[in-house]
Each structure stands twice: as C-alpha cells, then as structure tokens.
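FYI, side chains are in, hydrogens and waters are out, and symmetry mates aren't considered; it's all heavy atoms of this structure. A, B, ... follow the sequence lines: proteins, then strands. Residue 1 opens every chain.
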Amino acid sequence: MQLFDTARQEVVPFEPRGGRVGIYVCGITPYDSAHLGHAFVYHVFDVLHRRFRDAGLGVRSVRNVTDVDDDILRVARERGVDFRALATEQIRMFDHDMAEIGLLPVDAAPRATEHVEEMVGWIVRLVDDAYAYAVGGWVFFDSGMYPDYGRLSRLDHPTMIELSRERGANPDDPRKRHPLDFVLWQASAPGEPSWPSPWGQGRPGWHIECTVMSTGALGHPIDIHGGGDDLIFPHHESEIAQAEAAGVAPYVRHWSHVAMVNHEGEKMSKSLGNLVFVRDLVRRVPGAAVRLLLASHHYRTSWTYDDHEVDAAAARHRRYVAAMQGGGTLSHEAAHAHEQRFFERLDDDLDTPGALDELDAIAAELSSGSTGVAPGTEGQQLLGRLLGVLGAETEAVPA
RNA sequence: GGCGACGUAGCCAAGUGGUAAGGCAGAGGUCUGCAAAACCUUCAUCGUGGGUUCGAUUCCCACCGUCGCCUCCA
C-alpha cells in the first residue's frame with residue numbers, strides 16, 4: 001500500500017509493523033448533524049481500514065469525540081440542556097448516520113471528558129520540563145521552546161503570527177510568552193464544566209486531548225494519524241509539539257489528510273450554513289449509493305458537491321445491482337485481471353475513483369446482453385466482494 | 001503573505017507524444033398493456049499564445065482564469 005504522507009509530502013509505501021496497524025482519526029465535536037464533509041473523511045479511513053483488514057493485518061481504529069469545547073457548551077446553553085446530554089444525543093445520531101452509509105464501527109471512540117485526568121498529567125509534565133507555563137489558571141504551551149513548530153504545515157513563524165492576527169485570534173495576548181503559544185488548559189468560566197487541576201478548576205484546551213487519547217489507545221508511534229486537512233494547522237501541528245516535547249517522539253509515523261468538500265462555492269462548514277447532511281442523502285438513496293458518491297472522489301482532491309452527483313451515484317448503484325442480479329458471466333481470467341487492477345488502483349494512494357472504473361467495467365461485462373437468471377456466479381461474487389472493500393455492499397435485492 | 005489543487009463535451013471525469021475511457025443529463029431504439037428499470041446506439045479535438053518535435057491534448061516557457069486551506073471547522 002502506498003500512501004501520501006503529509007509530513008514527507010510524497011506518496012510513500014506504508015509499512016505495517018508486526019502485522020498490525022493502528023489508525024487514529026480526529027473525530028467530531030458533537031453539537032450538530034454529520035454532513036458530507038464528515039462522511040468523506042470517515043469514509044476514507046473506513047476504506048483504508050477495510051483494505052488493511054482484508055490484506056490480513058490486525059487493524060485497530062480509534063476516533064475521538066471532543067465532547068467539551070466552546071461550541072458544544074454554547075449550543076447546550078442555547079437549548080437549555082446539559083452539555084453531556086447534548087453530546088450523547090449527537091454522538092448517537094452521528095453513529096447512526098455513519099452506520100447508514102456502511103462505515104464499520106471503530107474499535108474505540110474515547111470521549112475527551114473521560115480522559116481529563118490523563119491530560120492534566122501530561123500538562124504537568126510539560127510544565128515541569130519548562131515546555132509550558134501557567135498564568136492565572138491557564139496553561140500555555142511555550143512554542144519558543146519548540147523550534148520545529150510549523151514543520152508539518154510548512155509555515156514559518158512570522159507567517160503563522162500574521163495569519164492568526166488576520167483570523168481574529170490573539171497572538172498579542174499579554175499572557176503569552178510567544179505569539180504562537182497555544183492553550184493546554186483554561187480556567188472555566190462560571191457555569192462551565194470544570195475539572196480539578198494544579199492550576200485550579202478548569203477544562204482542557206483542544207489539542208491536548210488527541211495526543212493523550214491517541215497514545216493512550218494505541219501507544220506510540222501512532223501508525224497512521226489523520227483527519228480533515230483543515231486540521232493540519234494548528235491542531236496536528238500542536239499535537240506534534242506537545243507530544244515530542246513530552247518525549248513521545250516520533251509521535252506519528254504517517255500523517256494522512258483528507259481534502260475538504262465544498263458546496264455552493266465555499267467550503268462546507270457549520271458557520272457558512274451550506275451543509276449537506278448525510279441524514280438527508282440516505283433518505284433519497286441507499287447508503288451504498290452514498291458510499292459510491294464519496295468513493296468517486298480521490299481523498300486528496302477537494303471537490304464541490306453538486307446535487308447531480310446523487311443521481312449519478314444512484315444510477316451507478318442500480319447498475320451494480322442489476323449486474324449482480326443478472327445472469328451475465330465473466331471468464332475466470334477476466335475476473336482475475338479485473339480484481340488485480342482494482343487492488344492496484346486502491347493500493348496506489350487509495351485511488352477509489354480508479355477502483356470504481358474497474359467495477360464499472362465488470363458491471364458492464366456482466367450486464368451486456370444478458371437476461372439470464374443465474375446470479376451467484378464468479379463475476380457476481382467478485383463484484384459483490386470488491387464493493388465490500390469500498391464499504392458499498394449492496395443488499396441482496398431491492399427489486 | 002504561505003501552501004496546494006485545477007482548467008478535457010451541458011455537467012462530473014479518465015488518459016496518452018501519433019489524431020481523446022467512462023458516467024450523469026440529452027437524443028434514438030429494444031423490451032413492456034402503459035411506464036419505470038435494464039440493455040443497445042448516439043453525442044468533444046482537450047483554457048490562450050509561443051516553443052521543442054515528422055507529429056502535442058499529452059514535454060518546455062509565458063499568459064489568462066478558477067478554486068481550496070491557513071489557531072471555529074472533517
């Protein structure tokens with residue numbers, strides 16, 4: 001399997017260690033419904049998971065849940081519910097949506113609120129080693145102590161500082177020693193949930209949870225750590241800093257980032273309101289069709305969702321179903337050749353669009369000119385099996 | 001400012017130094033009581049201008065244009 005590594009900026013062979021692969025993907029903040037962008041990211045890692053599994057590797061996949069942060073507290077306040085209840089409800093809906101489109105359950109889905117104690121421990125180590133400092137109940141990571149900050153995103157310090165200023169962040173916060181210092185721990189405001197710490201009652205910053213929970217669940221180095229490419233900076237950048245500063249180095253062997261999904265001319269995001277929800281799509285077409293829609297885009301190329309794609313994906317799905325129900329046949333040689341090319345494509349940096357081309361070819365051969373009634377032959381079985389690798393298993397027969 | 005992607009038929013999109021897969025939509029047809037589905041057929045000279053070459057959509061240069069991300073974010 002060849003995969004693009006963000007850190008090295010090139011497609012490199014992924015080498016499993018001892019027949020096992022640990023995958024950690026940054027999950028959601030559960031305060032709103034899952035949209036296509038989320039689905040795309042988790043679909044990509046699901047295909048990767050399935051591919052490794054089918055290749056005989058022991059896969060352990062972990063996807064965290066950021067169940068305490070400004071957004072979730074805000075929404076909970078607006079709706080007058082407890083933030084934990086809101087999180088639990090949203091997680092259930094998220095899991096339901098992902099199951100609808102055929103994602104395998106992850107092996108572990110740790111919630112930030114369940115690991116605060118470990119985070120405090122990690123932060124204490126950083127403070128003890130002078131990589132972090134406390135100011136009035138808050139703790140910041142001292143980026144001045146970590147010159148490599150910016151390595152993953154390939155941004156230099158002046159640029160990062162200028163950017164953060166433009167973006168409304170506050171590099172000039174007088175409490176910070178260096179403009180790029182980031183929050184490890186913050187004092188809770190009145191009414192906010194809080195946990196005890198050496199610096200008073202507070203709650204963790206965003207970045208620390210992933211470093212703590214990923215290494216906690218998978219040890220280190222993490223084989224594959226990924227998420228949407230909007231997380232490269234500052235989230236993953238900061239994870240590396242706080243991990244390596246704590247002596248966990250190398251932290252990650254292979255960084256994998258999935259491109260953004262756009263809609264109506266802009267990145268699909270909560271703040272812009274241009275969302276396409278998974279829930280709405282699965283009401284229109286089978287979950288497998290949604291998977292085919294996602295698989296028709298390469299994970300490193302950002303794309304713009306268009307409503308027509310649903311029809312195209314549904315049509316492709318119907319063709320596959322028809323091919324599996326029909327009595328067309330494929331020679332043993334042809335089946336073998338198709339299967340081989342399918343996996344070559346998939347193993348070449350997860351080229352799912354290329355793999356789909358191969359399935360199209362199989363379906364075309366199975367469909368052309370046949371009206372037979374003897375499904376279940378080698379060709380049909382192959383098509384069904386390969387669809388399974390993409391997470392687009394087709395239900396027996398929806399007539 | 002930094003990083004990156006991209007310009008191929010109405011739309012999505014693959015691809016190669018020798019005259020362009022596939023899909024969606026559209027058109028025609030087969031099947032069907034009608035229809036749907038399925039199947040068959042049909043539909044482009046590859047952003048602009050140069051250059052290299054026997055020959056470029058594919059290589060080089062320039063230009064134009066589009067887009068994404070950059071401490072809320074997958």
* Once you round it to whole Å, what is the distance between C1' of G2(B) and CD1 of I232(A)? -> 13 Å
* Y42(A) six-ring centre to R63(A) NZ/CZ under 6.0 Å and within 45° of normal -> yes
* Asked: Taking the same atom, P, in C72(B) and in G15(B), what whole-Å distance lies between them?
  -> 36 Å
* Asked: Looking at V127(A), V248(A), L184(A), which one forms a side-chain contact (heavy atoms from CB on, under 4.5 Å) with W122(A)?
  -> V248(A)
* Asked: Over how many whole Å does the gap from M160(A) atom CE to C3(B) atom P extend?
  -> 13 Å
* Asked: Can you find a side-chain donor-acceptor pair between H207(A) and E237(A) that sits under 3.5 Å?
  -> no
* Where each residue is assigned the nucleotide of RNA chain B containing its nearest heavy atom, which of H297(A) and V261(A) is assigned the position nearer the 5′ end? -> H297(A)
* What integer number of Å spans the C1' atoms of U57(B) and G49(B)? -> 16 Å
* Regarding R175(A) and the six-membered ring of F140(A), is the cationic atom NZ or CZ under 6.0 Å from the ring centre and inside 45° of its axis? -> no
* Begin with the C-alpha distance, continue with both residues' side-chain angles, and end with the deciding distance and a verdict on side chain to side chain donor-acceptor pair (under 3.5 Å) for Q2(A) and D347(A). => CA-CA 6 Å; Q2(A) 303 240 34; D347(A) 291 350; over 6 Å; no
* Touch class at under 4.0 angstrom, heavy-atom based, for W303(A) against every strand present -> nothing
* Structure fact -> As its Watson-Crick or G-U partner within any shown strand, both distances under 3.5 Å, G7(B) has C64(B)
* Complementary nucleotide for A44(B) - Watson-Crick or wobble, under 3.5 Å -> none
* **A322(A) side-chain proximity, nearest of A38(B), U71(B), A74(B)** => A38(B)
* To do: Please state how far atom CE in M324(A) lies from atom P in A38(B), giving the value in whole angstrom units.
  => 15 Å
* Of the nucleotides A74(B), G68(B), G2(B), which has the atom closest to the L155(A) side chain? -> G2(B)
* Who does G33(B) pair with, Watson-Crick or G-U, both distances under 3.5 Å? -> none
* Asked: If you check the D357(A) side chain, which of A14(B), G68(B), A5(B) turns out closest?
  -> A14(B)
* Give one of base, sugar-phosphate or nothing for G354(A), where a contact means two heavy atoms less than 4.0 Å apart. => nothing
* Structure fact -> Out of C67(B), G4(B), A74(B), minimum distance to the side chain of M260(A) belongs to A74(B)
* Validation row, ring centre H220(A) to ring centre Y251(A) under 6.0 Å -> no
* To do: Would you indicate which nucleotide in A74(B), C67(B), A14(B) comes nearest to any side-chain atom of D230(A)?
  => A74(B)
* Asked: Whole Å only: how far is the CD atom of E358(A) from the P atom of G23(B)?
  -> 14 Å
* Could you check whether Y42(A) gets within reach of a base, just the sugar-phosphate, or nothing at all, counting any heavy atom under 4.0 Å? => sugar-phosphate
* **C1' spacing across the pair A56(B) / C39(B), given as an integer number of angstrom** => 38 Å
* Nearest-angstrom distance, C1' atom, C11(B) to A44(B) -> 13 Å
* Asked: With a non-hydrogen cut-off below 4.0 angstrom, is G227(A) in contact with a base, only sugar-phosphate, or nothing?
  -> sugar-phosphate
* Below 4.0 Å: OP1/OP2 of A38(B) and any side-chain N or O of R319(A) -> no
* **Candidate nucleotides G15(B), C24(B), C72(B), ranked by approach to the side chain of D71(A) - the nearest** => C72(B)
* Give a yes or no on whether a salt bridge exists between D70(A) and R203(A), defined as a side-chain N under 4.0 angstrom from a carboxylate O. => yes
* So what does H257(A) touch, heavy atoms closer than 4.0 Å: a base, only the sugar-phosphate, or nothing? -> nothing
* Considering only the C1' atoms, how many Å lie between C46(B) and G18(B), rounded to the nearest integer? -> 15 Å
* Taking the side chain of P234(A) as heavy atoms from C-beta outward, which of U71(B), A74(B), C24(B) is closest to it? -> U71(B)
* Answer with base, sugar-phosphate or nothing: what part of the nucleic acid does R318(A) contact at a heavy-atom distance below 4.0 Å? => sugar-phosphate
* Between F4(A) and Y299(A), ring centroids under 6.0 Å -> no
* Structure fact -> By the Watson-Crick or G-U definition, both distances under 3.5 Å, U53(B) is matched with none
* What is the distance, rounded to the nearest whole Å, between atom CG of D360(A) and atom C1' of C24(B)? -> 12 Å
* Asked: Whole Å only: how far is the CD atom of E309(A) from the P atom of C12(B)?
  -> 9 Å
* **Between U48(B) and G65(B) - C1' atom distance, rounded Å** => 10 Å
* Let me know the distance between CZ of R341(A) and C1' of G22(B), rounded to the nearest Å. => 14 Å
* Structure fact -> Picking from A74(B), G68(B), G2(B), the nucleotide nearest the side-chain atoms of H38(A) would be A74(B)
* Structure fact -> Mate of A74(B) across any strand shown (Watson-Crick or G-U wobble, both atom pairs under 3.5 Å) is none
* Go ahead and name the base partner of U16(B); Watson-Crick or wobble counts if both distances stay under 3.5 Å, otherwise write none. => none
* To do: Can you tell me, in whole Å, how much space there is between the C1' of A13(B) and that of U32(B)?
  => 34 Å
* Asked: How close or far is atom C1' of A74(B) from atom CD1 of I101(A), stated in whole angstroms?
  -> 13 Å
* To do: Answer with base, sugar-phosphate or nothing: what part of the nucleic acid does L180(A) contact at a heavy-atom distance below 4.0 Å?
  => base
* On a whole-Å scale, what distance lies between the P atoms belonging to G22(B) and G4(B)? -> 35 Å
* Asked: Which nucleotide in the list A74(B), U71(B), G4(B) gets nearest to the side chain of R154(A)?
  -> G4(B)
